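In what follows, a structure is listed as structure tokens, so that the remarks can point back to it.
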Amino acid sequence: MDQGDAVPLAELWEERRYLLDVAHWMLGDPGAAENVVDEAYQRWYGLSGAARRRVAVPRSWLAGTVGGICLGRLALPTAERAAFVFRALGAAPGTVADIVGRTEPEFAARARQLLQWQRTRSTAPHQHDTVVRAVRRACVTGDGDLLTSLLCPDATAFFDGGGKIRAPTGPVHGSRPVADNLLTLLARRPHTTLTTHSVNGRTGLVARYGSQVTAVISVDVANDRAARFWVMLNPDKLRRWNRSVSAPIPRSPRRRRSSPG
């Protein structure tokens with residue numbers, strides 16, 4: 001790396017975390033996500049110095065490369081998933097429409113959301129943590145008005161059920177619809193719990209039924225409000241979470257009373 005390639009350490013870590021977020025959401029496997037990001041960086045350094053200098057925004061180039069590698073590894077990727085990835089990576093609406101074979105108006109409204117997506121990446125960790133913990137309290141108490149007030153007006157929730165569990169098939173938009181969906185999903189029932197947990201390097205939410213992890217929720221925060229929810233419900237992608245759940249502590253055997261002798 002020559003002096004002209006130097007980048008602040010914080011920016012490097014934020015860039016890598018962003019790339020891992022996209023790869024992990026696409027593939028559902030943190031190990032595979034790491035491999036994809038590593039491959040993207042290898043391709044970057046496989047370019048000549050002159051070619052790298054011609055790239056105006058290296059992070060965008062890397063994000064596009066990560067998205068392409070992920071799509072290449074997915075078997076029969078759906079148009080919806082492909083559109084989600086390319087929207088998240090900042091592709092122009094016309095480009096997305098060409099890729100997935102849909103009309104441009106379907107994606108034109110996403111430009112404003114992209115700007116907010118970019119703002120969420122600069123939220124300080126303590127601000128992020130405070131907002132997510134407040135969201136959890138609102139969900140646990142079932143307070144719809146409070147939860148709505150904690151969300152951006154144009155908040156969006158994405159649900160990934162993998163076709164193996166009932167879940168919204170498309171994004172849910174708007175603070176009240178998002179709040180209503182979350183409250184329905186996370187409604188308090190016997191044996192259910194909702195806790196904060198590190199998800200993709202930042203505070204997120206984990207729902208359990210008994211000891212079984214049933215949902216993992218990553219949250220993006222912008223301007224001290226929750227802007228995006230990525231709700232993982234697919235049982236296949238939750239396996240790694242359930243492998244880490246501790247087995248229940250066995251009960252101590254009862255002592256037998258000694259018979260009078």
Side-chain angles (χ1 to χ4, degrees), residues 8 10-26 33 57-60 62-64 66-67 83-93 96 107-140 143-160 168 170-183 185-186 194 196-207 215-232:
E11 184 177 329
L12 289 175
W13 280 105
E14 181 68 16
E15 173 184 275
R16 184 173 179 84
R17 190 177 75 84
Y18 167 71
L19 298 175
L20 287 170
D21 281 352
V22 173
H24 182 237
W25 182 260
M26 281 298 300
V57 185
R59 172 169 162 152
S60 295
L62 287 164
V66 164
F84 160 75
V85 173
F86 283 97
R87 285 200 306 266
L89 298 181
V96 176
F107 303 111
R110 297 296 185 263
R112 179 166 50 88
Q113 294 183 352
L114 173 62
L115 295 176
Q116 189 171 54
W117 161 280
Q118 293 170 339
R119 289 199 299 272
T120 65
R121 317 317 298 176
S122 59
T123 302
H126 72 276
Q127 292 174 302
H128 181 101
D129 184 78
T130 298
V131 172
V132 175
R133 289 181 184 278
V135 166
R136 177 197 168 273
R137 287 193 296 271
C139 289
V140 168
D143 192 330
D145 291 336
L146 175 59
L147 181 57
T148 301
S149 73
L150 294 169
L151 310 184
C152 294
D154 58 350
T156 302
F158 299 90
F159 297 83
D160 183 357
V172 176
H173 301 293
S175 57
R176 192 71 209 198
V178 169
D180 289 345
N181 272 268
L182 290 176
L183 289 176
L185 178 70
L186 303 172
L194 180 66
T196 54
H197 197 285
S198 177
V199 179
N200 295 335
R202 286 202 170 187
T203 305
L205 299 171
V206 173
V216 174
I217 305 173
S218 179
V219 185
D220 286 342
V221 174
N223 301 324
D224 294 327
R225 291 189 180 187
R228 298 286 182 276
F229 293 87
W230 318 90
V231 185
M232 183 63 67

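All of these numbers come straight from a predicted model, not from anything done at the bench. What you see below is based on every heavy atom in this structure, not just the backbone, and it leaves out hydrogens, waters and symmetry mates.
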Report yes if the side chains of Phe159 and Asn181 come closer than 4.5 Å at any heavy-atom pair, otherwise no. yes
Ala23 versus Val66, closest heavy-atom pair with distance: CB-CG1, 3.9 Å
Using side chain to side chain contact (heavy atoms under 4.5 Å, CB included) as the criterion, list what pairs up with Ala215, not counting sequence neighbours. Ala207, Leu233
With a 4.5 Å limit on heavy-atom distance, are the side chains of Val219 and Val131 in contact? no
Donor-acceptor pairs under 3.5 angstrom involving side-chain atoms of residues 145-152: please list them, not counting sequence neighbours.
residue	atom	partner	partner atom	Å
Asp145	OD1	Arg176	NH1	3.0
Thr148	OG1	Gly144	O	2.8
Ser149	OG	Leu146	O	2.6

Gap separating the CZ atom of Phe158 from the NE2 atom of His173, nearest 0.5 angstrom: 6.5 Å
Sorted by chain and residue number, the side chain to side chain donor-acceptor pair (under 3.5 Å) partners of Thr203 (sequence neighbours excluded) come out as Asp129
Please examine the side chains of Leu186 and Ile217, heavy atoms only from C-beta on, and report whether any two atoms are closer than 4.5 Å. yes
For Asp224, enumerate each residue passing the side chain to side chain donor-acceptor pair (under 3.5 Å) test, keeping only those at least two apart in sequence or located in another chain. Gln127
So, using side chain to side chain donor-acceptor pair (under 3.5 Å) as the criterion, who are the partners of Arg137 when residues are at least two apart? none
Are any of the side-chain heavy atoms of Leu19 and Leu62 separated by less than 4.5 Å? yes
How about Thr196 and Leu205: do any of their side-chain heavy atoms sit closer than 4.5 Å? yes
Here the pair of heavy atoms bringing Val135 nearest to Ala226 is CG2-CB, 4.3 Å
List for me each residue that meets side chain to side chain contact (heavy atoms under 4.5 Å, CB included) alongside Ser218, sequence neighbours excluded, and say none if there are none. Val199, Asn200, Trp230
Could I get the full list of salt bridge (charged side-chain N to carboxylate O under 4.0 Å, His left out) partners for Asp143, not counting sequence neighbours? none
